[in-house]
Amino acid sequence: MEELAFDGSNPDVGLLVKLNGLARLAPGWLDHLARLLGEYGMPAASVALVLRCWWRVARRQGDDAPAAVAGVVWSALAALIALGLSVPIRQVVQRPRPFDGQQNLYVLIRGTSKFSFVNDHSTLAMAIGVGLFMVHRKAGLLGIGLAAFEGFLRVFLGVNYPTDVIGGWALGTAAALLLAPLATLGLVPLTRAVGRGPAGTLVRSARHPVRKRELGVWGDTVDPVRDAAACDKDLAA
């Protein structure tokens with residue numbers, strides 16, 4: 001891994017140099033903004049997206065809200081699980097940071113650990129994005145977009161190789177998708193129970209009808225009796 005990373009003919013290094021070179025050409029204020037976004041802003045945006053999606057599905061999806069809220073909760077839990085898995089992976093692979101082996105990099109941040117594979121910021125953002133996509137497609141696509149931009153920033157800042165970012169995306173995606181069936185077994189009954197209790201407003205609201213096109217695999221949107229009644233009403237009109 002180390003020889004591959006430090007080989008100047010490797011496309012991984014070439015892409016790193018090109019993207020990091022943009023930071024050298026950028027004005028100082030833009031570098032400062034990229035530093036803030038890459039280290040704190042984008043993770044905060046992903047967390048804010050989870051909270052926004054929770055509010056949306058809890059307030060807009062009526063009887064189906066508990067299952068959808070369980071999916072939102074899972075997106076956050078999947079991110080934490082993926083982050084936990086990234087720690088031993090870094091210790092096993094032990095890939096040094098780009099600035100420890102590459103010359104003439106314009107390094108804007110140093111990272112919180114001395115190893116770079118896999119990138120935890122990209123892992124977190126992609127796990128949230130993929131998890132939300134299974135609940136609310138628009139929110140999920142936005143989350144995946146945030147993960148893509150986060151990955152760009154990590155390379156732009158000179159703190160990660162492109163393959164560190166790709167590895168983080170893969171880990172976050174795998175955690176969110178592969179463990180989701182198991183998560184439904186515990187989270188859906190839990191959110192349904194909460195929805196029937198004193199804290200039910202955290203889970204559901206019947207003020208708005210279900211909008212089927214916005215739901216993913218966590219939302220149970222098919223109600224044959226309701227759909228047939230609505231169809232008969234339209235025909236009678």
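The chain is numbered in sequence order, starting from 1. On a predicted model such as this, the values are computed, not experimentally measured, just so you know.
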From [X] [atom1] over to [Y] [atom2], what is the distance, rounded to the nearest 0.5 angstrom?
X	Y	atom1	atom2	answer
Ser46	Leu132	OG	CG	9.0 Å
Phe156	Arg35	CZ	CZ	10.0 Å
Leu85	Asp120	CG	CG	12.5 Å
Leu80	Thr123	CG	OG1	12.0 Å
Leu142	Arg137	CG	CZ	15.5 Å

Shortest non-hydrogen separation from [X] to [Y] and the atoms involved:
X	Y	result
Ala26	Asp31	CB-OD1, 3.6 Å
Ser116	Asn160	O-ND2, 3.0 Å
Ala139	Cys53	CB-SG, 3.9 Å
Phe99	Ile109	CE2-O, 4.0 Å
Ala176	Ala78	CA-CB, 3.9 Å
Leu105	Gly158	CD1-O, 4.5 Å

Transitively linked via ILVMFWY side-chain contacts under 4.5 Å: [X] with [Y]?
X	Y	value
Val107	Val155	yes
Val69	Leu182	no
Leu33	Leu157	yes
Ile166	Leu15	yes
Val159	Leu36	no

Does one side chain, of Asp12 or Thr163, offer a donor that lies under 3.5 Å from an acceptor on the other?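 A pair is found: one side chain offers a donor N or O, the other an acceptor, under 3.5 Å apart.
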[X] versus [Y]: any side-chain heavy-atom pair under 4.5 Å?
X	Y	value
His136	Arg56	yes
Leu19	Phe152	yes
Leu22	Lys18	no
Phe115	Val93	no
His121	Pro43	yes
Ser86	Leu171	yes
Val135	Ser75	no
Val73	Trp54	no

With sequence neighbours excluded, tell me which residues meet ring-ring contact (aromatic ring centres under 6.0 Å, His included) with Phe149.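 If we apply the ring-ring contact (aromatic ring centres under 6.0 Å, His included) test to Phe149, skipping adjacent residues, there are no hits.
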Partners passing side-chain hydrogen bond (donor to acceptor under 3.5 Å, both in side chains) against Ser122 (at least two apart in sequence or in another chain):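 side-chain hydrogen bond (donor to acceptor under 3.5 Å, both in side chains) check on Ser122 returns Asn119.
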Restricting to side-chain hydrogen bond (donor to acceptor under 3.5 Å, both in side chains), what partner residues turn up for Thr191, sequence neighbours left out?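 For Thr191, no residue satisfies side-chain hydrogen bond (donor to acceptor under 3.5 Å, both in side chains) once neighbours in sequence are set aside.
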Verdict with reasoning, Trp74 to Leu179, per side-chain contact (heavy atoms from CB on, under 4.5 Å): CA-CA 9 Å; Trp74 169 241; Leu179 298 178; 3.5 Å; yes
Salt bridge (charged side-chain N to carboxylate O under 4.0 Å, His left out) pairs, two or more places apart, involving [range]:
range	result
residues 72-92	none
residues 147-166	Glu39-Arg154, Arg95-Asp164
residues 76-87	none

Residues Trp55, Arg52; criterion side-chain contact (heavy atoms from CB on, under 4.5 Å); working and verdict: CA-CA 5 Å; Trp55 180 88; Arg52 169 63 179 172; 3.2 Å; yes
Between Thr173 (side chain) and Ala170 (backbone), is there a donor-acceptor pair under 3.5 Å?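 Here the side-chain-to-backbone pair does not exist.
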Can you tell me which residue among Val50, Leu77, Leu49 is in a side chain to side chain contact (heavy atoms under 4.5 Å, CB included) with Val72?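 Exactly one option meets the side chain to side chain contact (heavy atoms under 4.5 Å, CB included) with Val72, and it is Val50.
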